[in-house]
Amino acid sequence: MIMQSLVDRALDIATIDLGRRTQAVVNVTAFVTFSIAARNLIKNGVWATFGDLVSALLSSVPGASAALDSQLEKEAQDAMSDFFDVSQAPVEGPVPLEGIPSEKILRELESLKASDVDPAKGETFAYVYTPFEKSAWDLTEKAAVSYGNYNALNPIVFPSLRKMEVEVVSMCRWMTGDVQGVCGSMTSGGTESILMAIKVAREYARQVRGIKYPEVVIPVSGHPAFAKAGHYLGVKMVWTKVNEKTTKADVQSMRSAITANTCLLVGSAPAYPCGVMDPIEEIASLAKEKGLLMHVDACYGGFVLPWLPKIGVQIPKWDFSVDGVTSISMDAHKYGFTAKGASCVLYRSRDLRRFQFYSYIGWTGGLFVSPSMLGTRGGGPIASCWATMRHYGQNGYMSTVKRMMETTKYIIDTVRDLDTVEIVGNPCMTSLAIKATRPNELNILAVADVMEKQGWKMEKNASPPSIHMTVMPPHSDVKEKLMNDMKNAIKTVTTDPAKYNAEGSAAMYGMVAKIPSGTIVEKFMVHLMDVIYTRDFRT
């Protein structure tokens with residue numbers, strides 16, 4: 001996901017007309033790339049991959065990288081004009097000399113918010129998880145505000161935050177198998193939870209197993225937060241294939257990737273793109289056989305999966321009841337419906353959790369120790385999580401999940417009645433992906449583009465090309481319109497496939513596949529992010 005819609009639109013703008021925009025960069029690289037390849041052919045007898053050659057070119061040929069950066073900067077700037085209303089451009093200036101009355105500022109906030117998508121309308125499929133009941137959200141907001149200025153950095157000063165965090169972790173432990181000894185910490189979100197799990201695996205590898213350069217084996221469907229954690233923490237991520245039909249992790253591929261440096265295996269419950277759960281029991285069994293740690297990423301499903309068996313939906317085992325699972329991450333601010341900034345990372349034992357903590361005694365200010373990545377930890381998300389989970393209770397969560405599963409079933413049943421599209425794999429919860437039955441006849445990403453024009457904010461998967469849907473409470477009221485609009489979008493695209501394949505994200509993904517190196521796409525994404533957070537991006 002990670003700003004998927006934003007990147008989709010930007011890449012669409014930047015690659016929709018290769019001849020007008022990026023062809024210049026490709027032409028600059030083409031001759032030298034060919035020369036390098038020819039030399040390697042003569043020297044080595046085999047061609048290096050074209051992408052590797054372009055990457056080498058960008059790093060070694062004088063001026064090539066600068067020329068590419070200049071072009072990509074222009075593309076990012078052009079994209080900005082389509083993203084943001086110039087009337088809401090950030091204003092440069094000092095802190096106001098005179099304070100602005102609170103009433104005026106609140107009116108400004110409401111005016112700014114009016115330009116944002118309203119998640120309660122059910123037009124989005126990511127980012128914000130809006131509950132059915134307004135009263136539940138009112139409680140969440142009030143709890144967050146009441147502790148908004150409290151700091152969990154020192155639980156001795158704020159014992160109420162310590163009490164609430166420990167109780168949240170206890171409830172999460174109960175939700176994940178109720179295994180004695182399981183413990184954990186609250187974090188600011190799934191990325192931090194995953195960072196902490198990777199830090200624990202790294203320290204365990206170094207201190208217990210004597211591994212200097214730890215490696216993690218993870219399916220390619222695993223969340224990018226693992227790649228980010230590996231980059232930040234110096235841990236190598238070894239990505240393995242998934243079954244093309246089911247999109248589940250290929251356990252044999254994972255087995256083959258294990259080396260003397262492997263310290264952790266990862267499985268998703270479920271993986272975000274298609275809502276398909278990896279074979280957790282098989283991966284955990286392999287981890288135990290090899291003496292490895294095993295992490296279950298349930299950031300997405302951790303607040304849905306525990307309730308499914310209780311409402312009669314059978315799913316594979318995925319939690320600490322599975323022998324060999326040593327850690328689990330789960331986000332409360334998704335399907336737990338708490339305020340943003342609330343996740344939990346759990347470990348099978350305190351011995352493992354201690355590897356997460358950091359202490360430092362060399363500071364002139366005194367002794368320092370913190371439980372997670374952050375120093376200051378706002379009390380608002382902790383209080384919100386504690387209040388919301390207790391407000392819903394088991395019955396409240398089961399009722400909510402049941403209603404969302406009914407919406408999910410409606411979508412799946414509607415798709416299965418169509419011969420042009422199908423569900424990817426076997427989704428296990430309130431998440432799914434829809435692909436074309438015959439991709440050569442229907443471009444599913446073009447369908448998503450047409451639905452965007454109808455007001456929906458669609459999410460797209462790259463492999464396989466598909467429409468992603470995270471089903472949330474607001475979709476219960478719009479599910480009929482959603483699927484009718486999809487049917488109409490399919491008809492629209494099939495009437496003139498050439499036209500729609502040449503537009504929007506359908507063209508973008510096709511063009512990206514032709515760009516000679518992933519390095520170029522990655523560079524563009526970095527330029528885009530830089531431009532987005534630059535006030536006057538034309539200077």
Side-chain angles (χ1 to χ4, degrees), residues 1 126-127 129 131 165 167-179 182-198 221-223 225-226 266-278 280-281 283-284 294-311 313 315-322 325-348 353 372 381-382 384-386 388-390 392-394 396-398 400-402 404-405 408 427-431 470-473:
M1 186 169 58
Y127 312 116
Y129 293 69
E165 180 169 357
E167 290 182 1
V168 166
V169 170
S170 177
M171 287 187 282
C172 288
R173 186 203 72 193
W174 178 85
M175 291 168 62
T176 55
D178 198 20
V179 175
V182 167
C183 56
S185 300
M186 286 192 68
T187 70
S188 61
T191 294
E192 189 185 2
S193 288
I194 288 169
L195 277 162
M196 293 296 89
I198 297 301
S221 54
H223 197 277
F226 287 97
V266 176
S268 299
Y272 177 84
C274 303
V276 173
M277 187 190 301
D278 286 328
I280 300 301
E281 291 180 274
I283 298 173
M294 194 267 156
H295 181 77
V296 175
D297 177 20
C299 289
Y300 193 31
F303 273 75
V304 175
L305 299 179
W307 313 115
L308 293 179
K310 298 179 183 296
I311 62 172
V313 179
I315 57 172
K317 293 172 64 177
W318 62 278
D319 54 19
F320 285 111
S321 66
V322 177
V325 171
T326 55
S327 58
I328 295 176
S329 51
M330 54 193 299
D331 287 359
H333 64 204
K334 289 187 173 73
Y335 283 112
F337 304 109
T338 73
K340 288 298 182 185
S343 180
C344 193
V345 58
L346 303 171
Y347 303 98
R348 189 170 283 274
R353 184 177 62 173
S372 59
I382 296 173
S384 164
C385 186
W386 179 83
T388 303
M389 291 180 70
R390 295 173 71 246
Y392 270 91
Q394 296 181 44
Y397 277 125
M398 282 190 284
T400 299
V401 169
K402 183 177 180 180
M404 291 190 297
M405 287 296 289
T408 305
C428 67
M429 55 169 248
T430 52
S431 172
T470 292
V471 178
M472 291 177 269

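Only this structure's heavy atoms are used, side chains among them; waters, hydrogens and symmetry mates stay out.
Within the 4.5 Å cutoff, no side-chain heavy atoms of His333 are placed close to those of Tyr129. In this structure the side chain of Pro306 reaches within 4.5 angstrom of the side chain of Trp318, judged on heavy atoms. When side chains are defined from C-beta on, Ile280 does not count as touching Lys317, because their heavy atoms never get closer than 4.5 Å. Residues Asp297 and Ile194 meet the side-chain proximity criterion, which asks for heavy atoms closer than 4.5 Å. Side-chain contact between Met196 and Ser327 is absent, with no heavy-atom pair separated by less than 4.5 Å. Taking 4.5 Å as the limit, some side-chain heavy atom of Leu346 sits within range of a side-chain heavy atom of Val169. For the pair Cys299/His223, no side-chain contact is recorded, criterion being any heavy-atom separation below 4.5 Å from C-beta on. Under the 4.5 Å side-chain criterion, counting only non-hydrogen atoms from C-beta, Trp307 is not in contact with Lys402.
One N or O on the side chain of Ser384 and one on the backbone of Ala339 form a donor-acceptor pair closer than 3.5 Å. Asp319 places a side-chain N or O within 3.5 Å of a backbone atom of Ser321 that can act as its donor or acceptor partner. Without hydrogens or angle criteria, Lys340 side chain to Tyr127 main chain gives a donor-acceptor distance under 3.5 Å.
Separating the CE atom in Met405 from the OG1 atom in Thr400 is a distance of 13.5 Å, to the nearest 0.5 Å. Atom CE of Met389 is separated from atom CE of Met171 by 4.5 Å, given to the nearest 0.5 angstrom. Met186 contributes atom CE, which lies 12.0 Å from atom CD of Glu167 (distance to the nearest 0.5 angstrom). Here CH2 of Trp174 is found 15.5 Å from CZ of Phe320. Values are rounded to the nearest 0.5 Å. Here the CE-CE distance, from Met175 to Met330, works out to 4.0 Å after rounding to the nearest 0.5 Å. For the atom pair OG of Ser221 and CG of Asp278, the computed distance is 5.0 Å after rounding to the nearest 0.5 Å.
Every residue two or more places apart in sequence or in another chain was checked for a ring-ring contact (aromatic ring centres under 6.0 Å, His included) with Phe303, and none qualifies. Listed by chain and number, the residues in a salt bridge (charged side-chain N to carboxylate O under 4.0 Å, His left out) with Arg173 are Asp178 (sequence neighbours excluded).
A parallel orientation is assigned to the rings of Tyr397 and Tyr392, their planes being inclined by less than 30° (bins at 30° and 60°).
Asp331 approaches Gly189 most closely through the heavy-atom pair OD1-C, 3.9 Å. Taking all atoms of both residues into account, the shortest heavy-atom contact from Ala298 to Ile328 is CB-CG2, 4.1 Å. Val266 and Ile283 make their closest contact through O-CD1, 4.1 Å (heavy atoms, listed as atom of the first residue, atom of the second, distance). The minimum heavy-atom distance between Cys385 and Ala342, with the atom names listed, is CB-CB, 4.1 Å. Residues Cys428 and Leu305 approach most closely at SG-CD2, 4.0 Å, considering heavy atoms. Closest non-hydrogen pair, Thr388 versus Gly336, comes out as CG2-O, 3.4 Å.
Using modelled atom types, one finds no donor on one side chain facing an acceptor on the other under 3.5 Å when comparing Ser372 with Ser185. There is a side-chain donor-acceptor pair under 3.5 Å between Tyr300 and Thr470.
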Dump the intermediate steps for side chain to side chain contact (heavy atoms under 4.5 Å, CB included) on Val313 and Met429, then the final yes or no.
-> CA-CA 9 Å; Val313 179; Met429 55 169 248; over 6 Å; no

Run the numbers on Ser329 and His295 for side chain to side chain contact (heavy atoms under 4.5 Å, CB included), then give the verdict.
-> CA-CA 8 Å; Ser329 51; His295 181 77; 3.0 Å; yes

